[in-house]
K.L.:
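Can you read through this structure? Questions will come right after.
Only a predicted model underlies this, so the values are computations on that prediction, with no experimental measurement involved. Every chain is numbered from 1 and lettered A, B, ... according to where its sequence line falls, protein lines coming before strand lines.
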Number of protein chains: 2
Amino acid sequence: MRPTVTLRDIARALDLSTSTVARALADNPQISEQTKARVRISAAEFGYVANSAARATRRGHSTLIGLIIPDVQNEFYGALAKGLAQCCEKAGYQLLLAITEDEPVSEEHHVRGLTEARAAGIVIVPSPQPSKETMALLARGSWVQLIRRIAGAEAPWFGIDEAAALRSATAHLLSLGHRRIGYVGGMLDLSTGASRLAGYQAAFAALGIPAPEHLIRTGPPRTHFGAEGFRDLWLLENRPTAIVTAGARLTAGVLEQIGQMAIKVPGDISVVGYGDAPWWSSNLTTIGLPVREVAISCGEYLLRHVTGKQVSDGTPALNYEAVHTPTLIVRASTKAIG
Amino acid sequence: MRPTVTLRDIARALDLSTSTVARALADNPQISEQTKARVRISAAEFGYVANSAARATRRGHSTLIGLIIPDVQNEFYGALAKGLAQCCEKAGYQLLLAITEDEPVSEEHHVRGLTEARAAGIVIVPSPQPSKETMALLARGSWVQLIRRIAGAEAPWFGIDEAAALRSATAHLLSLGHRRIGYVGGMLDLSTGASRLAGYQAAFAALGIPAPEHLIRTGPPRTHFGAEGFRDLWLLENRPTAIVTAGARLTAGVLEQIGQMAIKVPGDISVVGYGDAPWWSSNLTTIGLPVREVAISCGEYLLRHVTGKQVSDGTPALNYEAVHTPTLIVRASTKAIG
DNA sequence: TCCTATCACGCAATCGATTGCAGTCAAGCA
DNA sequence: TGCTTGACTGCAATCGATTGCGTGATAGGA
């Protein structure tokens with residue numbers, strides 16, 4: 001077995017032209033069944049493996065789909081990656097994973113790499129501030145935004161109704177009589193962070209009550225800040241009677257801090273989590289996120305687009321957007337005040 | 001700006017040959033600095049983006065590194081993916097993510113895809129039973145095994161000393177006076193599952209005590225089985241006084257079940273976890289796994305190999321293996337018996 | 001003045017697969 | 001027999017980048 005078997009090798013062995021072999025392998029109708037069979041058998045014997053790089057050269061684009069996310073270790077993005085990977089596999093595409101850590105420089109680097117690889121499409125969870133160059137590169141191909149949204153970007157968006165999530169969480173607590181409801185959430189320069197906070201505020205507004213601005217803590221969406229933010233709120237003179245969290249990592253941080261300080265839930269404080277990680281206490285009232293759904297709807301849309309028109313003549317239906325709605329799961333970590 | 005700018009376009013504009021442009025962009029010493037500068041400027045103006053597919057065609061291999069894992073949502077594999085991704089980024093390679101769900105068919109599919117893409121190398125966490133075809137395809141290029149190990153496979157292996165992990169966990173409990181130590185672990189057809197159980201047994205053997213075979217439960221490494229296995233053990237007449245878990249998912253399941261049944265830890269039972277997920281109760285005595293370390297050592301090795309010799313003339317040093325040692329982290333979920 | 005390094009660069013083949021166009025061959029029909 | 005038609009295939013160009021080999025020019029040395 002030669003190191004690499006090419007169409008030529010098969011063609012020579014069968015005394016055919018490479019074109020015929022290529023067409024046979026592609027199941028082209030203008031090739032006779034008999035020839036196809038001979039080719040297939042020979043290919044198997046030779047251990048022929050197609051060269052998708054060469055194919056991509058000719059076709060002008062590969063079968064790669066790029067996924068650009070801040071982090072895979074985060075179970076939220078991990079779930080997205082998995083959903084996308086499954087979509088890709090089903091459609092015969094391959095998933096190229098890029099992790100940015102929310103660094104615009106890294107983001108640009110990866111977008112460039114994907115452009116060089118002539119990726120068929122790109123799914124991106126954008127950083128807070130994508131560079132101009134990043135946007136220019138994205139604009140060359142098909143791309144969609146996932147979860148977060150770039151202000152003014154002309155590409156479809158697939159996301160979650162974050163405002164609704166926090167609105168319902170907050171409303172739930174309000175309906176239980178809570179008023180001093182603390183908020184621990186992500187930074188406001190992310191579209192998600194801003195939406196979540198808006199949801200929190202909207203819940204108060206709906207009741208005509210002013211939101212307690214002094215109980216709002218926003219920062220980097222990391223466990224560390226969740227703990228810190230909570231501690232900060234807890235140590236206030238007039239500490240909150242309930243907490244809503246607006247981020248999975250933050251929820252973890254809050255819960256950990258609560259554990260460390262031996263605070264009783266819901267005795268001392270009611271807590272609403274964000275997301276529904278399988279490993280969280282099964283007692284946590286939380287916001288169930290349609291993570292898988294959004295990933296799949298995103299993947300299917302993009303793939304339908306890139307498989308549809310051979311030439312990626314720009315971005316798919318620029319203004320398309322799909323919003324998935326989260327669900328509040330009421331369990332035992334929240335109770336009426338008093 | 002044309003849809004795609006090629007070397008030719010730049011060459012024509014500058015009245016040079018494409019070879020010169022290519023060499024200039026590659027910073028080839030035989031091109032004068034002046035010409036290089038002109039080319040670089042022109043390339044930037046044109047918005048030239050290299051075509052790595054064409055490059056791969058010519059070179060015979062791409063800059064793709066394949067990572068084949070059972071699941072990314074699992075934080076353990078997620079961490080591996082992240083480590084590898086970072087290695088790749090540093091070396092200018094790209095990470096192609098493939099998820100098998102431990103299905104040999106899917107595994108083969110992905111290995112084929114990576115072979116077609118002429119990946120520079122493949123990192124695989126093999127399924128319990130890789131197909132023959134899978135092995136044949138892997139053998140064509142550079143590949144390494146991660147964590148799990150295929151019996152008789154001729155490729156380097158990067159893993160964790162799983163036996164040591166369970167030996168120290170079990171020894172810890174034995175030293176606390178426990179004897180009826182339950183074991184909830186993964187299936188034995190995985191190299192990891194077998195090693196872990198062996199470690200558990202070795203700890204008993206070291207004390208000349210027979211291991212309590214009837215307290216051993218092995219099954220699929222999922223949360224669900226963790227819960228089930230624990231419940232099973234707990235309902236025994238002579239229930240164990242301590243539990244070691246041999247899998248992160250299993251630990252999660254055990255803990256959840258313990259929570260549901262309102263069992264006190266370590267009052268009613270001592271528990272040692274497997275892995276150190278940040279979201280676990282910070283009171284859990286557990287086995288800290290050098291996940292990141294193993295991923296990075298694996299990635300650096302493979303990349304050093306593929307970047308070293310241009311031609312991937314087979315697998316890197318066939319018998320190389322790197323074993324990373326876990327650490328027992330003693331916290332509050334274990335106590336002396338009595 | 002003639003010869004020979006050096007330097008900077010171009011020619012053309014090559015990588016492997018794909019595809020528009022054209023050619024071959026045999027059967028069918030008048 | 002001569003022409004048409006359709007079924008199969010082959011030729012050769014093409015995709016974009018890379019690279020071995022060769023060439024012209026300039027400069028320095030004899």
K.L.:
A:Thr57 has a side chain; which of D:dA17, C:dA17, D:dC15 sits nearest to it?
P.N.:
D:dC15

K.L.:
Does B:Pro104 offer a backbone N or O that forms a donor-acceptor pair with the side chain of B:Ser131 under 3.5 Å?
P.N.:
no

K.L.:
Taking CG from B:Leu25 and P from D:dG16, how many angstroms apart are they, rounded to a whole number?
P.N.:
16 Å

K.L.:
Mind checking what makes side-chain hydrogen bond (donor to acceptor under 3.5 Å, both in side chains) contact with B:Thr192, not counting sequence neighbours?
P.N.:
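Counting only residues at least two positions away or on another chain, B:Thr192 forms no side-chain hydrogen bond (donor to acceptor under 3.5 Å, both in side chains).
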
K.L.:
For the pair made of CZ in B:Phe46 and P in D:dG16, what is the distance, rounded to whole Å?
P.N.:
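Rounded to whole Å, this separation is 14 Å.
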
K.L.:
I'd like a table of atom pairs between the protein and nucleotides 6-9 of chain C - only N or O on both sides, under 3.5 Å - with the distance next to each one.
P.N.:
from	atom 1	to	atom 2	distance (Å)
C:dC9	OP1	B:Thr35	OG1	2.4
C:dC9	OP2	B:Ser32	N	3.0
C:dC9	OP2	B:Ser32	OG	3.2
C:dC9	OP2	B:Thr35	OG1	3.2
C:dC9	N4	B:Gln30	OE1	3.1

K.L.:
Ignoring hydrogens and angles, tell me if any N or O in the side chain of B:Ser106 forms a donor-acceptor pair with the backbone of B:Asp102 under 3.5 Å.
P.N.:
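Not a single qualifying donor-acceptor pair exists.
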
K.L.:
Main chain of B:Leu96, side chain of A:Gln94: is a donor-acceptor contact present, judged purely on distance under 3.5 Å?
P.N.:
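Looks like no, no N/O pair under 3.5 Å.
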
K.L.:
Using whole Å, report how far CG of A:Asp15 lies from P of D:dC8.
P.N.:
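My rounded result for the distance is 18 Å.
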
K.L.:
Given side chain to side chain donor-acceptor pair (under 3.5 Å), test A:Ser127 with A:Glu107 step by step and report yes or no.
P.N.:
CA-CA 7 Å; A:Ser127 76; A:Glu107 182 176 58; 2.9 Å; yes

K.L.:
Does a side-chain N or O from B:Arg59 land closer than 4.0 Å to OP1 or OP2 of D:dT19, or not?
P.N.:
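Yes.
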
K.L.:
Okay, side chain of B:Ser62, backbone of B:Arg118: is any donor-acceptor separation there less than 3.5 Å?
P.N.:
yes

K.L.:
Within the side chain of A:Arg148, is there an N or O that forms a donor-acceptor pair under 3.5 Å with the backbone of A:Pro126?
P.N.:
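Side chain of A:Arg148 to backbone of A:Pro126, a donor-acceptor pair under 3.5 Å: yes, one is there.
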
K.L.:
Based on the rotation axes of five pairs at each end, what angle does the helix from C:dT1-D:dA30 to C:dA30-D:dT1 bend through, to 10°?
P.N.:
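Answer rounded to 10°: the end axes differ by 60°.
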
K.L.:
Checking the side chain of B:Thr307 only, and the main-chain atoms of B:Leu303 only, is there a donor and an acceptor separated by less than 3.5 Å?
P.N.:
yes

K.L.:
Keeping A:Lys36 on the side-chain end and A:Asn28 on the backbone end, is there a donor-acceptor pair under 3.5 Å?
P.N.:
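Checking the backbone N and O of A:Asn28 against the side chain of A:Lys36, a donor-acceptor pair under 3.5 Å is found.
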
K.L.:
Ignoring hydrogens and angles, are the base of D:dC11 and the side chain of A:Ser19 linked by a donor-acceptor pair under 3.5 Å?
P.N.:
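Answer yes: a donor N or O sits under 3.5 Å from an acceptor.
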
K.L.:
How long is the line joining CZ of A:Arg8 and C1' of C:dA17, in whole Å?
P.N.:
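Distance, rounded to whole Å: 12 Å.
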
K.L.:
Which whole-number value in Å describes the distance from B:Arg55 CZ to D:dC15 C1'?
P.N.:
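Nearest whole value for this atom pair: 15 Å.
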
K.L.:
For A:Arg58 and C:dG16, give me the distance from atom CZ to atom C1', rounded to whole Å.
P.N.:
11 Å

